[in-house]
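Shown next, in structure tokens, is the structure this report addresses.
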Amino acid sequence: MARTGGAGGAGAGGGGGVARAVKGARRPEVRLPALEPFRDGAIEPDGDYDGVAFAETDLTGQDGGGSRFMDCALIGCALDGTRLRRARLLDSVLTGVRGVGTDLAEATLRDVELVDARLGGTQAHGGVLERVLVRGGKIDYLNLRQARLRDVVFEGCVLVEPDFGGARLERVAFVDCALRSADFTAATLTDVDLRGAAELTVAGGLDRLAGAVISTGQLLDLAPALAAQLGIRVED
């Protein structure tokens with residue numbers, strides 16, 4: 001089962017020049033029990049997997065929609081086109097998973113660690129992520145539109161064109177990661193810490209960054225886009 005640990009916050013600018021501490025994201029601390037190896041050959045819709053180890057399992061094209069994965073480990077699994085819509089991943093660790101077009105739409109991830117993943121076009125729109133750590137790896141075109149993220153940490157990973165359109169982000173931190181061409185259109189941000197992002201470019205939704213904290217260097221990097229957003233002409 002998972003237990004949560006706190007992450008310290010830091011100062012952020014507030015109204016009237018009064019600094020307000022950013023609430024740090026709580027990280028999952030997943031402690032897996034002894035696991036049984038997966039021997040069924042294929043996952044099934046609305047399945048119930050408790051204390052199962054999926055080691056180097058090829059789940060390509062399989063349908064586990066609506067399934068519950070509790071205290072599970074997925075290690076080196078292939079997830080190309082795997083359908084996990086409305087699945088629940090609880091107190092679990094995914095390490096070295098890879099795949100294109102994995103469907104996690106409206107899924108729930110709670111107390112989950114995703115480590116060294118190589119994913120592309122993952123559909124997680126409408127999902128719920130709570131106490132999730134994404135560490136290492138690279139995820140291209142992650143669709144988190146209309147999702148709810150609370151206590152989520154992206155650490156040491158590369159996110160290429162992630163779509164947070166209409167999502168709600170609360171206590172989300174980006175630590176030593178690259179955030180490239182992120183779209184925050186219509187998103188709502190509360191206590192989102194972008195200062196640790198080693199690379200930050202925003203393709204849309206600059207006006208929705210209220211509720212986030214950025215560094216002075218990041219502000220300078222974003223200044224041309226912010227000026228364009230506000231209709232400010234900058235001339236020498």
Distance-only check: which donor-acceptor pairs under 3.5 Å involve side-chain atoms of residues 145-166, not counting sequence neighbours?
| unit_1 | atom_1 | unit_2 | atom_2 | d |
| --- | --- | --- | --- | --- |
| R145 | NH1 | D163 | OD1 | 3.3 |
| R145 | NH1 | D163 | OD2 | 3.2 |
| D151 | OD1 | R26 | N | 3.1 |
| D151 | OD1 | R171 | NE | 2.7 |
| D151 | OD2 | R26 | NE | 3.2 |
| D151 | OD2 | R26 | NH2 | 3.1 |
| D151 | OD2 | R171 | NH2 | 3.0 |
| E155 | OE2 | R27 | NH1 | 3.1 |
| E155 | OE2 | R27 | NH2 | 2.8 |
| D163 | OD1 | G165 | N | 2.9 |

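Using a 4.5 Å cut-off on side-chain heavy atoms (C-beta onward), L114 and I139 make contact. The closest side-chain heavy-atom distance from D221 to L200 is not below 4.5 Å. R208 has its side chain out of reach of T185: every pair of non-hydrogen atoms, C-beta onward, lies at least 4.5 Å apart. Considering only heavy atoms from C-beta on, V97 stays 4.5 Å or farther from T102 through its side chain.
In this structure a side-chain-to-backbone donor-acceptor pair under 3.5 Å is missing from T190 to E170.
Taking each heavy atom of G196 and D193 in turn, the nearest pair found is N-OD1, 4.5 Å. Taking each heavy atom of D91 and M70 in turn, the nearest pair found is OD2-CE, 3.3 Å. Pairing each heavy atom of L194 with each of Q218, the nearest pair is O-NE2, 2.7 Å. Smallest separation of non-hydrogen atoms from L129 and L144: CD1-CD2, 4.2 Å. What you find for L59 and T82 is that their closest heavy atoms are O-OG1, 2.7 Å. Annotation for R135 and L133: closest pair NH1-CD2, 3.1 Å, computed over non-hydrogen atoms.
For Q229, the CD atom sits in a packed shell: over 12 heavy atoms of surrounding residues, nucleotides or ligands are nearer than 6.0 Å. In the displayed structure, R168 atom CZ is contacted under 6.0 Å by at most 12 heavy atoms of other residues, nucleotides or ligands.
Under the salt bridge (Lys or Arg N to Asp or Glu O under 4.0 Å) criterion, the residue pairs touching residues 95-104 are R85-D103, with sequence neighbours excluded.
F38 and L32 sit in two unconnected hydrophobic clusters of ILVMFWY residues. Membership requires side-chain heavy atoms under 4.5 Å apart, directly or through other members. Tracing side-chain contacts under 4.5 Å through hydrophobic residues (I, L, V, M, F, W, Y), one never reaches V93 starting from F54; they form parts of separate clusters.
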task: Go through L142 and L119 one step at a time and tell me if the side chain to side chain contact (heavy atoms under 4.5 Å, CB included) criterion holds.
output: CA-CA 8 Å; L142 174 61; L119 299 170; over 6 Å; no

task: Show your reasoning for whether side chain to side chain contact (heavy atoms under 4.5 Å, CB included) applies to E44 and Y49.
output: CA-CA 10 Å; E44 298 179 350; Y49 305 97; 4.1 Å; yes

